[in-house]
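First the proteins, then the strands, lettered A, B, ... as listed; each starts at 1.
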Amino acid sequence: MAYWLFKSEPATWSWDQQVAAGEAGTYWNGVRNHLAKKHLMAMQVGEQGFFYHSNEGKAVVGIVAVIRPYYPDYTDESGRFGMVDVKAVAALPRPVTLDAIKAEPDLAGMVLVNNSRLSVQPVSEAEWVRVRAMGGLG
DNA sequence: GCCAACGTTGGC
DNA sequence: GCCAACGTTGGC
């Protein structure tokens, strides 16, 4: 089981909208980066990821689960990129801010810290457990 | 196939 | 709103 982190600007697609999409979830489109694509392709149904608000908020705010594996992104005219479907699983009782992550030495290796521009990132199990705990989920 | 120019992202 | 970092594009 791998863990992931999905970045979204709340002005474009927010956690509240993800929650409103309910059990049916939504497609995670718009990825136009080959490394991010590689991560999308590696995702298995049932794997979970953090939902991160970039720019405005700058915090991990919730957890999503992959409900449909990689398939073509019809919004990509080049036909090169794809997407997965995700649904909201749980909100973090306390959002974990980028500042809090940067202040935590155990999380210094997170992709979010070292390659903040990557829109779909892998998260290690240790990072997953730690950020969940910081967010108030056991 | 190299690399300069350009566009985009996202933290500050 | 600025700008650094990075990815992509296109000329050669």
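If you check every strand for non-hydrogen atoms under 4.0 Å, A:Asn33 touches sugar and phosphate atoms only. Within the nucleic acid shown, A:Leu35 has no heavy atom closer than 4.0 Å to any nucleic acid atom.
Separating the CG atom of A:Asn114 from the P atom of B:dT9 is a distance of 21 Å, rounded to the nearest angstrom. Across the protein-nucleic acid pair, A:Glu56 atom CD and B:dC12 atom C1' stand 15 Å apart, rounded to whole Å. A straight line from CZ of A:Arg32 to P of B:dC6 spans 24 Å, rounded to a whole angstrom. Between A:Lys102 atom NZ and B:dG11 atom P the separation is 8 Å, expressed in whole Å. Counting to the nearest Å, the P atom of C:dC6 and the CG atom of A:Leu112 are 14 Å from each other. Atom P of nucleotide C:dC6 and atom CZ of A:Arg117 are separated by 8 Å, given to the nearest angstrom. Computed from coordinates, the A:Leu118 CG to B:dT9 C1' distance equals 11 Å when rounded to whole Å. Between the CH2 atom of A:Trp13 and the C1' atom of B:dG10 there is a distance of 21 Å, rounded to whole Å.
Checking the phosphate oxygens (OP1, OP2) of B:dG11, a side-chain nitrogen or oxygen of A:Tyr52 falls inside 4.0 Å. The phosphate of B:dG10 has OP1 or OP2 within less than 4.0 Å of a side-chain N or O from A:Lys7.
In summary, the aromatic rings of A:Phe51 and A:Trp28 are positioned with their centroids under 6.0 Å apart. Two rings, from A:Tyr74 and A:Tyr27, have their centers less than 6.0 Å apart.
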Show the numbers, then the answer: is there a side-chain contact (heavy atoms from CB on, under 4.5 Å) between A:Phe50 and A:Val123? CA-CA 9 Å; A:Phe50 291 126; A:Val123 173; 4.1 Å; yes
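With the nearest nucleotide of DNA chain C identified for both A:Asn55 and A:Asn115, A:Asn55 has the one nearer the 5' end.
Scanning all heavy atoms of the two residues, the minimum distance from A:Val120 to A:His39 falls at O-CD2, 3.0 Å.
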